[in-house]
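Input: a single structure, listed below in structure tokens.
Hydrogens, waters and symmetry mates play no part in the numbers below; they use all other heavy atoms, side chains included. In what follows, residues are counted from 1 in the order of the sequence shown.
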Amino acid sequence: MGEAGEEEAAAPAAAAGSQEAEADEQGMLAGALDAIGSLVSASLSATLFPLKWQLIRDRLNRLHAGLADITATGADDEDGEGRCGAFVSLLRDVAAAAREARELVPRSQGRHYGGGKLRLRSDLDLLAAALDAHVARLDEVYASGALTRARALVVPRPGAGASRDDVRFYVRDLFARLRVGGAEMRREAAAALAEVLRDDEKCVRVVASDVPDGVGVLVALLECPDARVQEEALEAVSVIAGSDAHRGDLVVGGVIAPVVRVLDAGACSAAAKERAARVLCRLTENSDNAWAVAAHGGVTALLNVCTDHGASGGELVCAACRVLRSLAGVDEIRKYMVADAGAVPALVSLSQGAATDDAARIQSMELLVAIASGGDGSAREAVIQEGAVESLVRALDPSSPTRSSKAREVALRAIDAVCLSPPTSTDRLLAAGFLDRVLSLLRSGDTTLQHCALKAAHRLCQVSEEIRKAMGDAGFMPEMVSVLRAAKSPETREMAAEALCALVSVHRNRKRFVQDDRSVAQLLQLLGPDEEKPTPAKRFLLSTLMHLTDSSSGRRKIMSSEHVRNLEKLAETNVPDAKRIVKKLGGSKLRSIFHGIWSL
């Protein structure tokens with residue numbers, strides 16, 4: 001037989017051998033995948049060293065992903081061991097490692113330990129190292145071009161009103177892609193999962209209850225080096241964290257530690273950090289989770305975000321402040337924040353920083369209030385000593401273009417909480433120019449700001465006579481009368497009337513008030529018969545008039561006013577305070593004068 005004939009005879013034999021080798025490889029591949037899947041399922045029952053088992057499952061899933069995505073192999077290698085000798089060897093080693101690792105599962109269930117916990121820990125570390133080596137070998141085989149990846153069929157997303165079975169099938173398919181897909185497939189699957197979780201509450205239940213180790217897969221992806229996969233995984237976790245029913249599944253699954261690491265990692269994107277902060281925000285709605293966040297370094301990571309607010313971005317800083325406010329609700333954590341973590345100077349700096357946007361400034365002020373309002377007063381003192389009072393007063397400056405009405409409103413409420421409830425550090429408050437700021441806000445056209453400024457002025461009036469003198473000198477009394485004339489709500493009128501009464505109770509302020517003919521007349525005009533019974537505001541006005549009758553000039557101003565008839569009418573209806581004022585003004589002689597005036 002010639003050479004050509006020999007080649008023709010050898011060709012069918014070679015083809016048959018190639019088909020047989022391919023069948024053997026397919027069988028070995030199926031066996032390896034089955035061994036990996038079996039070990040992953042079995043490992044879920046392990047109760048000892050759960051974090052080590054989670055790391056092992058992550059490596060097994062990566063191996064499963066790489067092996068399940070194979071479509072074809074290259075040509076025979078030089079040693080003739082099938083189409084890829086390295087691949088065949090890898091399949092044998094992976095299957096053997098998975099089968100041998102099965103015996104670690106019962107030892108991790110607490111029933112018996114073999115050589116003890118130390119031996120079990122060592123064996124788990126060895127298994128993790130071996131799996132790392134297998135993952136590296138698989139990457140080398142792919143890099144050599146001997147293997148290519150599959151293009152999987154796309155399962156369509158169920159429509160609105162789909163059954164839970166359809167949703168379950170779709171979500172499980174997405175998780176399969178996250179476990180076994182290549183880079184682009186994982187990105188698409190992660191984005192699709194985040195979207196369907198946002199849109200359909202049923203999917204949250206499916207992920208938490210129906211997908212084997214679904215939460216574990218998401219937790220592992222939180223530190224994925226692929227930024228897009230990490231961001232979408234964080235978005236998915238954020239949605240689950242918003243569910244009261246399944247928030248605890250995330251905590252049990254170990255979500256807090258990697259989320260905190262994302263916040264603290266310089267390499268993570270701004271979008272990833274914002275989503276990580278949002279996750280912590282939702283988790284700490286349950287105060288029980290605050291301890292876990294603090295234990296994993298969450299306080300430091302969150303304060304670093306606030307300190308580096310120029311680079312962090314407003315949304316991230318706002319979210320970090322909201323989490324810290326939840327943490328500050330726990331006494332011990334708040335004390336740590338103040339005494340050891342340097343929270344107060346960082347927040348004072350944030351509240352007055354030129355680069356801080358308005359939303360972040362508002363969140364920082366509200367957080368300062370949360371810190372100052374708790375505990376035994378030491379936190380409040382720390383907040384005051386760090387210059388928070390002066391910072392808050394500066395935030396009221398109406399000439400600053402970076403301070404919105406909302407920011408000034410929050411600053412007023414913060415001052416009320418830190419300095420006036422109960423009144424502390426009023427000297428620092430006045431020295432910082434607070435009275436001028438409040439007067440300016442009382443004269444502004446913003447109703448909300450006026451009300452907050454009035455509340456602050458009302459509280460200040462109750463503190464001491466010295467402060468009332470300062471307020472009288474600053475010009476608060478005419479402003480209180482203006483507020484009374486313009487106010488529509490009973491609460492506003494009552495606060496303004498009570499504040500005016502307190503101010504006029506000071507002798508120096510009375511003299512100043514009486515010198516203004518218009519103020520006394522307006523006060524009497526406000527006693528007009530608009531209600532059948534005297535309101536609380538009107539009773540305070542009568543008390544104010546009673547103070548004015550202590551001086552002869554005050555009595556003369558009242559008697560000469562064209563609105564004195566309002567006072568007389570109240571006396572005629574047996575209003576006690578009005579009757580006392582009339583009596584003080586001159587009794588029956590005055591009544592005769594009144595009647596003479598009214599009969600003209």
query: Sub-3.5 Å donor-acceptor pair from the side chain of S482 to the main-chain atoms of P478, do we have one?
result: yes

field: Rounded distance (nearest 0.5 Å) linking atom CZ of F476 with atom CG of N509
entry: 11.5 Å

- line: On a heavy-atom basis, the closest approach of L234 and V279 is O-CG2, 3.7 Å

message: One pair to check against salt bridge (charged side-chain N to carboxylate O under 4.0 Å, His left out): E232 and R228. What are the steps and the verdict?
response: CA-CA 6 Å; E232 296 297 350; R228 282 175 55 192; over 6 Å; no

query: When rounded to the nearest 0.5 angstrom, what distance separates SG in C419 from CD1 in I384?
result: 5.5 Å

- request: Flag the pair R198 and E235 as a salt bridge only when some basic side-chain nitrogen lies within less than 4.0 angstrom of an acidic carboxylate oxygen.
  value: yes

- prompt: Do S238 and R282 have side-chain N/O donor and acceptor atoms under 3.5 Å apart?
  reply: yes

field: Salt-bridge contact K335-D340 (side-chain N to carboxylate O under 4.0 Å)
entry: no

- request: Could you check L484 against L541 for side chain to side chain contact (heavy atoms under 4.5 Å, CB included), going step by step and ending with a plain yes or no?
  value: CA-CA 10 Å; L484 276 163; L541 292 179; 3.7 Å; yes

- request: Please assess T307 against S349 for the test side chain to side chain contact (heavy atoms under 4.5 Å, CB included), listing each intermediate value before the final yes or no.
  value: CA-CA 8 Å; T307 303; S349 173; over 6 Å; no

- request: Carefully, step by step, assess D288 and V251 under the rule side chain to side chain contact (heavy atoms under 4.5 Å, CB included).
  value: CA-CA 10 Å; D288 292 342; V251 177; over 6 Å; no

query: Can you find a side-chain donor-acceptor pair between N566 and H563 that sits under 3.5 Å?
result: no

task: Just do the side chain to side chain contact (heavy atoms under 4.5 Å, CB included) check on E568 and V582 with the steps written out, would you?
output: CA-CA 7 Å; E568 174 66 11; V582 168; 3.9 Å; yes

- prompt: With side chains defined as the heavy atoms from C-beta onward, is the minimum distance between L439 and E479 less than 4.5 Å?
  reply: yes

- prompt: For I240, does its backbone N or O pair with a side-chain atom of R247 as donor and acceptor, under 3.5 Å?
  reply: no

- prompt: Judged by atom type as modelled, is there a donor-acceptor pair below 3.5 Å linking the side chain of K557 to the main-chain atoms of V520?
  reply: no

message: How close do P258 and E223 get, counting heavy atoms only, and between which atoms?
response: CB-OE1, 3.6 Å

query: Does V344 offer a backbone N or O that forms a donor-acceptor pair with the side chain of E386 under 3.5 Å?
result: no

task: Hey, could you give me the CZ/CE distance between R468 and M477, rounded to the nearest 0.5 Å?
output: 12.5 Å

query: Closest approach of C281 and T284, non-hydrogen atoms and distance?
result: O-OG1, 3.3 Å

Contact check, side chains of L545 and I558, non-hydrogen atoms, under 4.5 Å: yes

- prompt: If every non-hydrogen atom of D550 is compared with every non-hydrogen atom of K584, which pair is closest and at what distance?
  reply: OD1-NZ, 2.6 Å

- request: Determine whether L327 and L302 make a side-chain contact, defined as any pair of heavy atoms from C-beta on separated by less than 4.5 Å.
  value: yes

query: Can you check whether L324 reaches C306 side chain to side chain, under 4.5 Å on heavy atoms?
result: yes

query: Judged by atom type as modelled, is there a donor-acceptor pair below 3.5 Å linking the side chain of T535 to the main-chain atoms of K538?
result: yes

- request: Heavy atoms only: give me the nearest D446-S405 pair and the separation to one decimal.
  value: OD2-OG, 3.4 Å

message: Closer than 3.5 angstrom, by distance alone: can the side chain of R485 be matched with the main-chain N or O of Q522 as a donor-acceptor pair?
response: no

query: Would you call D416-R459 a salt bridge at under 4.0 Å N-O?
result: yes

- prompt: Is there a side-chain contact between W291 and I256 (heavy atoms, below 4.5 Å)?
  reply: no

message: Tell me whether S543 contacts the main-chain N or O of R539 through its side chain, where contact means a donor paired with an acceptor under 3.5 Å.
response: yes

query: Under the 3.5 angstrom rule, does the side chain of E494 hit a backbone N or O of P536 as a donor-acceptor pair?
result: no

Under 3.5 Å donor-acceptor pairs involving side-chain atoms of residues 496-504, not counting sequence neighbours:
unit_1 : atom_1 : unit_2 : atom_2 : d
E498   : OE1    : H458   : NE2    : 2.8

message: More than 12 heavy atoms of other residues, nucleotides or ligands under 6.0 Å from CD of E201: yes or no?
response: no

task: Could you grab the distance from atom CZ of R408 to atom CZ of R361, nearest 0.5 Å is fine?
output: 11.0 Å

statement: Only residue of L412, D436, L449 satisfying side chain to side chain contact (heavy atoms under 4.5 Å, CB included) with L396 is L412

Side chain proximity check, L442 to M480, heavy atoms < 4.5 angstrom: yes

- prompt: With no hydrogens and no angle check, is any side-chain donor or acceptor of H451 less than 3.5 Å from a backbone partner on T447?
  reply: no

Point-to-point distance, once rounded to the nearest 0.5 Å, from OG1 of T573 to NZ of K579: 9.5 Å

message: Check this for me: does any side-chain nitrogen of one of D397 and R394 sit under 4.0 Å from a carboxylate oxygen of the other?
response: no

Where A578 and A571 come nearest, the two heavy atoms and their spacing: CB-N, 3.6 Å

Min side-chain heavy-atom separation L280-L263 under 4.5 Å: yes

statement: Interatomic distance, OG1@T544 vs CG@L527, rounded to 0.5 Å, equals 9.5 Å

query: Do L420 and T426 come within less than 4.5 Å of each other through their side chains, counting heavy atoms only?
result: yes

field: Check: R275 side chain, E231 main-chain N or O, donor-acceptor pair, under 3.5 Å
entry: yes

